[in-house]
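Written below as structure tokens is the structure these notes are about.
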Amino acid sequence: MNISGSHSFAAFDPGRVRAITLDLDDTLWPIWPTIARAEEVLQRWLGEHAPATAALATDRSMLRAVREQVVRARSDLAHDLSAQRRESIRVLLERAGDDPALAEPAFEVFFAERQRVELFEDAMPALERLSARYPVVAVSNGNADVHRVGIGGHFRAAISAREFGVGKPDARIFLAAADAAGVAPGQVLHIGDDAHLDGVGALRAGMQLAWVNRTDHIWEHEPLRPHLTINDLRDLCRALSI
């Protein structure tokens with residue numbers, strides 16, 4: 001575990017921590033194996049219900065083109081990954097000549113599997129300790145549902161970019177999370193893996209930051225610095241003496 005200042009002068013102060021805000025994807029579980037599995041389940045469903053679309057979906061360049069088209073055409077969905085995915089499925093169905101009304105049940109198949117995450121080994125023990133000591137608020141740009149995942153009982157609240165209207169690193173979503181926890185931003189310790197989205201956002205919102213760096217990334221946002229750099233959440237619990 002590396003303990004460092006978020007600026008050159010600010011060291012981690014566990015005594016200030018009155019609440020925790022917590023990223024989900026790649027902090028509590030690895031996201032890409034989850035997405036890959038959900039896409040495989042979706043592909044099998046399409047094979048049964050929309051074979052022409054399933055055949056089209058085997059072309060990875062086609063999938064990328066459809067997603068890029070949706071992002072360009074639907075800027076109103078910029079913070080809603082679920083809606084982007086649903087719309088991408090609808091466009092693909094139309095291109096293949098299948099019924100676009102299948103987009104909704106197809107997305108639900110994908111979304112249900114997307115909630116079947118495999119937590120990192122350290123995640124649940126740490127979450128249990130953190131939530132026993134502090135109010136914990138999830139802050140995510142993604143579309144994981146803490147209740148469907150099965151960990152909702154450990155959270156005071158969950159704030160998503162889709163519902164809030166802006167995502168990390170915008171300071172406003174962090175300030176909303178502090179408000180949901182019932183504390184001032186300076187009393188929050190934010191925990192997350194993404195140096196830019198989690199790190200820069202939380203620091204600019206006035207929070208302390210525990211950067212979860214499981215794979216030895218380089219911090220590239222000087223002069224901002226995390227208060228804690230941790231390899232896993234066990235290190236965090238030790239730093240908080242819980």
Side-chain angles (χ1 to χ4, degrees), residues 19-46 67 70-71 74 76-90 102-132 134-170 172-182 188-194 197-198 201-202 212 214 233:
I20 299 292
T21 57
L22 183 62
D23 174 57
L24 300 174
D25 294 331
D26 284 332
T27 295
L28 296 184
W29 55 75
I31 183 55
W32 292 114
T34 305
I35 296 298
R37 190 178 63 248
E39 289 180 339
E40 289 172 4
V41 170
L42 171 61
Q43 180 70 9
R44 289 198 296 271
W45 188 92
L46 290 171
R67 289 170 187 160
V70 169
V71 169
R74 296 296 305 272
D76 57 311
L77 305 181
H79 300 296
D80 190 341
L81 297 184
S82 291
Q84 285 184 7
R85 174 75 64 167
R86 189 184 295 106
E87 179 65 7
S88 294
I89 294 171
R90 188 192 65 77
L102 291 172
E104 186 63 35
F107 171 76
E108 287 303 324
V109 167
F110 169 87
F111 192 65
E113 191 66 24
R114 187 261 184 271
Q115 308 306 315
R116 293 184 60 248
V117 301
E118 295 184 9
L119 294 167
F120 290 119
E121 182 182 358
D122 54 292
M124 184 56 75
L127 189 54
E128 290 172 347
R129 292 184 182 187
L130 289 168
S131 61
Y134 308 102
V136 180
V137 176
V139 185
S140 178
N141 285 4
N143 57 0
D145 182 324
V146 294
H147 298 288
R148 290 182 68 165
V149 167
I151 57 176
H154 296 290
F155 289 87
R156 170 76 61 88
I159 298 179
S160 71
R162 177 183 66 82
E163 295 168 345
F164 188 67
V166 298
K168 299 178 291 186
D170 193 302
R172 288 173 291 176
I173 196 169
F174 292 95
L175 299 179
D179 188 60
V188 174
L189 175 65
H190 181 70
I191 305 161
D193 72 288
D194 191 295
L197 298 179
D198 291 300
V212 184
R214 296 179 184 273
L233 298 178

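Here the structure is a predicted model, which means the values were calculated and not measured.
- Taking every heavy atom of both residues into account, V109 and W45 meet most closely at CG2-CD1, 3.4 Å.
- Inter-residue side-chain proximity for L189 and Y134 is flagged as unmet; no heavy-atom pair is nearer than 4.5 Å.
- Within a 6.0 Å radius of CD in E118, no more than 12 heavy atoms belonging to other residues, nucleotides or ligands are found.
- A search for salt bridge (Lys or Arg N to Asp or Glu O under 4.0 Å) contacts involving D122 returns R214, not counting sequence neighbours.
- The two atoms that bring G142 and D25 nearest to each other are CA-OD2, 4.2 Å, heavy atoms only.
- Of the inter-residue distances, the one linking D80 atom CG with S160 atom OG reads 8.0 Å to the nearest 0.5 angstrom.
- The 12-atom threshold is exceeded at CZ of R37, counting heavy atoms of other residues, nucleotides or ligands nearer than 6.0 Å.
- A donor-acceptor contact shorter than 3.5 Å links the side chain of D26 to the backbone of I31.
- Shown here is R172, whose CZ atom has no more than 12 heavy atoms of other residues, nucleotides or ligands within 6.0 Å.
- A distance of 6.5 Å separates CG in L22 from OG1 in T27, rounded to the nearest 0.5 Å.
- The heavy-atom pair separating V136 from S131 by the smallest distance is CG2-CA, 3.8 Å.
- Taking the side chain as every heavy atom from C-beta outward, I191 and L130 approach each other to under 4.5 Å.
- Among the candidates R44, R114, R67, the single residue satisfying the salt bridge (Lys or Arg N to Asp or Glu O under 4.0 Å) test with E39 is R67.
- Atom CD of E87 is separated from atom OG of S82 by 13.0 Å, given to the nearest 0.5 angstrom.
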Problem set entry | Chi angles and distances behind the side-chain contact (heavy atoms from CB on, under 4.5 Å) call for F107, L42 | CA-CA 8 Å; F107 171 76; L42 171 61; over 6 Å; no
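- Contact of the F155 side chain with the L24 side chain is registered, since non-hydrogen atoms from C-beta on lie closer than 4.5 Å.
- Residues G167 and N141 approach most closely at CA-OD1, 3.4 Å, considering heavy atoms.
- Here the CZ-CD distance, from F110 to Q115, works out to 9.0 Å after rounding to the nearest 0.5 Å.
- Shown here for V188 and A178, the closest heavy-atom pair between the two residues is CG2-CB, 3.9 Å.
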For this session: Assess whether side-chain contact (heavy atoms from CB on, under 4.5 Å) is satisfied between H79 and I173, documenting all intermediate values.
Result: CA-CA 12 Å; H79 300 296; I173 196 169; over 6 Å; no
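- The shortest side-chain heavy-atom distance between K168 and D23 falls under the 4.5 Å cut-off.
- Scanning both residues, A181 and P135, for their nearest heavy atoms gives O-CG, 3.9 Å.
- For the atom pair CZ of F164 and CZ of F174, the computed distance is 11.0 Å after rounding to the nearest 0.5 Å.
- Remark: R116 engages E113 in a salt bridge, criterion side-chain N to carboxylate O under 4.0 Å.
- Every residue meeting the salt bridge (Lys or Arg N to Asp or Glu O under 4.0 Å) condition with R86, not counting sequence neighbours, appears here in chain and number order: E104.
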Problem set entry | V71/Q84 under side-chain contact (heavy atoms from CB on, under 4.5 Å): CA gap, chis, key distance, verdict | CA-CA 7 Å; V71 169; Q84 285 184 7; 4.2 Å; yes
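- Rounding to the nearest 0.5 angstrom, the gap separating the CG atom in L127 from the NE2 atom in H154 is 5.0 Å.
- Counting heavy atoms from C-beta outward, M124 and I151 have side chains that approach closer than 4.5 Å.
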